[in-house]
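These notes are about the structure you will find just below.
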Amino acid sequence: MKEMSAPPAEVILKVAVPVPLPLLFDYLPAKGGAVAEPGTRVQVRFGQRKLVGVVIAHAQHSEFETARLQRVLRVLDQGRMLLDAELLGLLEWCWRYYKHAPGEVLFNALPPAMRKAGGEWPAPVNQYVLTASGEQRLADGPGRAPAQWELLNELAKGPARAERLRLWRAGWRPLVLKTIENGWVTEESVSAPLLEPMPGPVLNEEQEAALASIRTDLGRFRCHLLDGVTGSGKTEVYLRLIEETIAAGRQVLVLVPEIGLTSQLVDRMRKRLGLEPAVTHSGLSGGERLKVWADAAKANAPLLLGTRSALFLPMPKAGLIIMDESHDPSFKQQDGFRFSARDVAIKRASNLGIPIVLGTATPSLETLHNANTGRFTWNRLRQRATGARQPSWRVLDLRQQGVTAGLSERVLTAMGETLEREEQVLVFLNRRGYAPVLLCHECGWHAACHRCDANMTWHKVERVLVCHHCGHQSGVPRFCPDCRADALQGAGAGTEQLETFLAKRFGETRLFRFDRDMTRRKGVFEQMVTQVREGQPAILVGTQMLAKGHHFPRVTLAVIVSLDQALYSADFRAMERMGQLMMQVAGRAGRADHHGTVILQTHHPDHPLLERLFREGYERFALELLEERRLAALPPFSAQATLRAEAHEREAVQDFLQQARSCFKGTGSAVHGPFPALMERRGGRLRWYLLIQDSSRLNLQGTLDRWLTVVRGLPGARRVRWTIDVDPQDF
Ligand code: ADP
Ligand code: ZN
Ligand code: ZN
């Protein structure tokens with residue numbers, strides 16, 4: 001008996017669509033077209049809209065009747081894959097781990113130009129070159145293919161790119177294809193001209209040891225902490241590793257926390273390696289970012305450099321990932337798809353079977369813990385590579401001291417002396433604007449943001465009050481809105497006030513202010529850095545933008561106006577961040593032949609943790625904090641997630657979180673809350689959260705998966721905006 005075989009079922013496409021839903025959607029292949037491969041973009045109908053989606057997988061079955069499935073409207077990336085299997089795997093891990101909608105995770109990774117249907121691949125920058133037989137053919141004269149001969153004649157002038165040929169003749173492309181077929185012309189990629197690389201310094205023993213230790217892991221996964229103070233020569237170690245990896249034909253990805261840090265690194269790479277890194281960050285145009293993506297995908301770009309978003313560049317020939325300043329909080333994306341670029345980078349290196357280097361002078365407690373337990377290799381650089389000594393610390397007791405614009409008289413004296421010696425001073429204050437509060441001295445009224453639990457910052461030059469949390473702006477009242485008194489004054493000082501005051505006090509000295517207000521215009525930041533490096537005596541006033549990674553060889557005094565808020569903060573990470581910031585600021589002081597001093601102004605000169613930091617250094621300080629975390633079972637000794645909710649009414653938020661809490665079933669996991677966010681009201685919304693904690697990360701994952709399916713269906717879920725944050729960094 002012969003069995004009737006059913007007609008082969010049509011393949012089902014599992015498509016990610018940029019909507020905030022935790023699923024993939026089933027579609028049928030486009031009519032008459034080829035079946036779109038995983039990693040290809042397609043256009044689909046979604047409800048009333050047409051959206052761009054990405055095919056994630058093929059399946060044999062759908063939960064829905066095949067007859068009711070829609071067809072893909074059109075395949076957008078004909079013949080090429082936007083995301084290769086490795087990236088698809090990484091992104092899938094991301095949406096599973098971070099419990100975020102697949103479509104949004106995917107679209108976060110795509111170059112912006114590819115998020116819409118019009119996204120065009122950049123034409124590959126190729127050139128056409130005569131082959132030996134092409135030259136032979138040219139010598140033979142036009143013969144029976146005069147048009148092709150003319151093209152050969154054109155190429156005899158030198159290799160030509162598409163742009164030149166387009167100018168030469170309208171129908172050039174079919175001609176070129178024919179000549180290629182005949183073997184007279186070849187197409188080769190245009191690589192950036194190579195410069196002569198400059199040899200670097202001879203590495204010192206510590207650098208050699210670190211290099212050797214990381215080198216043994218090239219070709220397999222291993223996480224290396226490169227723990228070295230500023231100026232200890234970490235970048236030199238990176239450069240050697242990059243050189244060796246590229247020489248072996250592999251790609252290197254270098255991640256930095258901020259756009260501002262790319263340009264000096266690019267210069268150094270260009271000089272030392274003789275090649276141009278492909279740079280990507282959010283400040284670039286869509287076309288530029290797409291070009292970097294396309295180059296990376298074809299492995300034409302051996303060296304990739306960028307901020308958080310560069311993490312998802314394709315790397316078909318991956319060899320190494322380096323993350324500089326790996327402790328930096330901006331490696332955590334705080335809105336939309338919340339993820340830790342550090343953790344995803346480690347996961348990616350592990351998937352790829354390549355090493356990853358986390359460079360920092362102040363490892364995060366998570367990283368330190370991993371190094372401590374041997375999960376990461378701990379490479380230490382303890383000396384400054386140039387032989388400069390570590391800066392010395394002075395703690396300045398602010399109690400019973402008068403301050404002007406936040407600075408005590410003794411600090412001002414020290415600044416004067418430094419400038420006298422023709423050196424530079426850096427003043428660090430993590431607060432921009434003129435004053436953080438505008439206050440009535442008659443009745444105590446102060447300007448508060450009506451949408452946030454926060455004061456409005458007074459920007460005197462621009463004559464506005466700005467809320468730094470929601471961006472709300474309003475005019476500066478002339479009189480007190482409450483008592484009509486002419487008694488409004490700023491309380492506390494921001495960078496703008498410091499600048500004004502210091503300009504008065506140190507009349508002729510050059511002053512540079514580094515903060516977001518000042519450097520908003522493109523190029524201003526780099527321009528100021530260049531001027532500072534010229535080396536004349538100067539005062540640099542700035543926020544944390546100034547503390548990160550820049551080399552200012554003439555700065556010998558760094559002043560920390562205050563970091564006392566951290567000592568009162570309810571955030572358990574506040575002390576860790578304070579320590580990191582202090583060490584970073586200290587890292588700016590004293591390089592090469594100039595010994596540096598750091599002055600910390602504080603109302604708590606006897607704080608035991610501060611003392612530990614000065615006397616014994618960051619590592620001992622951090623290990624002490626780590627011990628506190630262990631005793632309190634806080635991360636990294638437990639895993640956390642938060643379920644955040646916000647709405648205009650507190651009641652809606654609390655109701656939802658109460659409902660969510662009461663359906664929580666965690667074997668081994670605990671739920672706490674609801675708690676108000678540290679800033680409860682922001683942008684007019686009330687924000688609360690539940691905290692879920694577990695001693696096991698794996699167990700927490702399972703708990704969340706089971707719980708969230710219930711949470712999504714809760715009646716209260718529709719009245720609030722809610723998100724899940726796995727490994728939250730703030731509350
Ligand atoms: P980091 O990245 O740790 O801040 P860098 O690699 O930028 O340190 O090095 C700091 C300075 O010391 C740079 O000017 C660099 O050229 C120099 N340097 C690094 N390694 C050496 C070395 N082995 N010998 C001499 N100078 C070095
Ligand atoms: Zn008043
Ligand atoms: Zn506000």
Side-chain angles (χ1 to χ4, degrees), residues 198-211 225-242 254 256 261 264-265 267-269 271-272 322-326 357-363 379-388 390 436-457 464-474 477-489 491 533 547-553 583-584 586-594 679-687:
M198 258 176 27
V202 178
L203 298 189
N204 63 33
E205 251 170 63
E206 286 183 331
Q207 286 170 311
E208 277 296 353
L211 180 63
L225 167 60
L226 184 58
D227 169 13
V229 296
T230 316
S232 60
K234 295 187 293 297
T235 311
E236 272 317 312
V237 176
Y238 303 155
L239 290 169
R240 298 296 163 105
L241 288 167
I242 294 170
V254 180
V256 293
L261 291 175
Q264 67 175 19
L265 201 51
D267 285 348
R268 219 160 141 187
M269 287 169 164
K271 256 190 229 132
R272 287 270 287 95
I322 294 170
M323 181 174 257
D324 195 25
E325 310 280 352
S326 65
V357 178
L358 304 179
T360 173
T362 50
N379 308 279
R380 288 187 180 84
L381 304 180
R382 283 293 170 256
Q383 306 301 317
R384 283 189 169 181
T386 49
Q390 294 295 319
V437 187
L438 183 70
L439 191 74
C440 171
H441 268 246
E442 284 295 323
C443 74
W445 173 90
H446 61 271
C449 177
H450 66 280
R451 309 169 66 203
C452 305
D453 294 327
N455 293 321
M456 303 283 282
T457 301
V464 280
L465 296 172
V466 184
C467 172
H468 287 179
H469 302 282
C470 72
H472 176 69
Q473 298 202 0
S474 64
R478 176 84 184 74
F479 303 102
C480 172
D482 258 16
C483 74
R484 312 304 304 162
D486 183 6
L488 294 179
Q489 289 181 14
R533 293 228 190 102
K548 285 184 190 175
H550 293 281
H551 298 292
F552 299 117
M583 296 315 287
Q584 265 167 35
R588 306 302 117 219
R591 304 185 60 102
D593 45 342
H594 300 281
M679 180 178 292
E680 187 193 4
R681 201 164 52 101
R682 186 154 111 190
R685 294 172 172 275
L686 289 132
R687 307 146 72 229

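Whatever order the structure lists ligands and atoms in, that order sets their numbers, starting from 1. Keep in mind it's a predicted model, so treat the numbers as computed, not measured.
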Nearest heavy atom to atom 22 (C) of ligand 1 wins, so pick from Leu381, Val229, Val202.
Val202

Output the list of atoms in ligand 1 that are nearer than 4.0 Å to some heavy atom of Leu203, sorted by atom number.
23 (N)

If you round to the nearest 0.5 Å, how far is OG1 of Thr235 from CD1 of Ile242?
9.0 Å

So how many protein N, O or S atoms does the Zn ion (ligand 3) have within less than 2.8 Å?
4

Atom of Cys443, atom of Asp482 and distance for their closest heavy-atom approach
SG-CB, 4.0 Å

Taking 2.8 Å as the limit, list every protein N, O or S atom around the Zn ion (ligand 2), by chain and residue number.
Cys440 SG, Cys443 SG, Cys480 SG, Cys483 SG

Kindly indicate whether the side chain of Leu241, heavy atoms from C-beta on, has any atom under 4.5 Å from the side chain of Leu211.
yes

Lys234/Glu325 ion pair, N-O < 4.0 Å:
no

Would you say that His450 contacts Met456 through its side chain, given a criterion of any heavy-atom pair below 4.5 Å between the two side chains?
no

Measure Ser232 to ligand 1 on non-hydrogen atoms and call it side chain, backbone, both or neither using the 4.0 Å cut-off.
both

Taking the side chain as everything from C-beta on, heavy atoms only, tell me whether Pro477 gets closer than 4.5 Å to Leu488.
yes

Going by heavy atoms in the side chains, are Cys480 and Glu442 under 4.5 Å from each other?
no

Those atoms of ligand 1 less than 4.0 Å from some heavy atom in His551
4 (O), 7 (O)

Does the side chain of Val254 reach to within under 4.5 Å of the side chain of Tyr238, using non-hydrogen atoms?
no

Ligand 1 atoms nearer than 4.0 angstrom to some heavy atom of Asn204 are 23 (N)

Between Gly233 and ligand 1, does any nitrogen or oxygen pair lie at a separation below 3.5 Å?
yes

Between Thr230 and Gln584, is there a side-chain heavy-atom distance shorter than 4.5 Å?
no

With the threshold set at 4.0 Å, does a side-chain nitrogen-carboxylate oxygen contact exist between Asp227 and Arg382?
yes

Nearest non-hydrogen contact to atom 15 (C) of ligand 1 from the set Gln383, Arg268, Glu208 belongs to Arg268

I need the single residue from Leu226, Thr362, Thr360 that forms a side chain to side chain contact (heavy atoms under 4.5 Å, CB included) with Ser326. Which is it?
Thr360

So, do Asp486 and Arg478 sit near enough that their side-chain heavy atoms are less than 4.5 Å apart?
yes

Expected output: side-chain Gln207 to main-chain Gly233 donor-acceptor under 3.5 Å:
yes

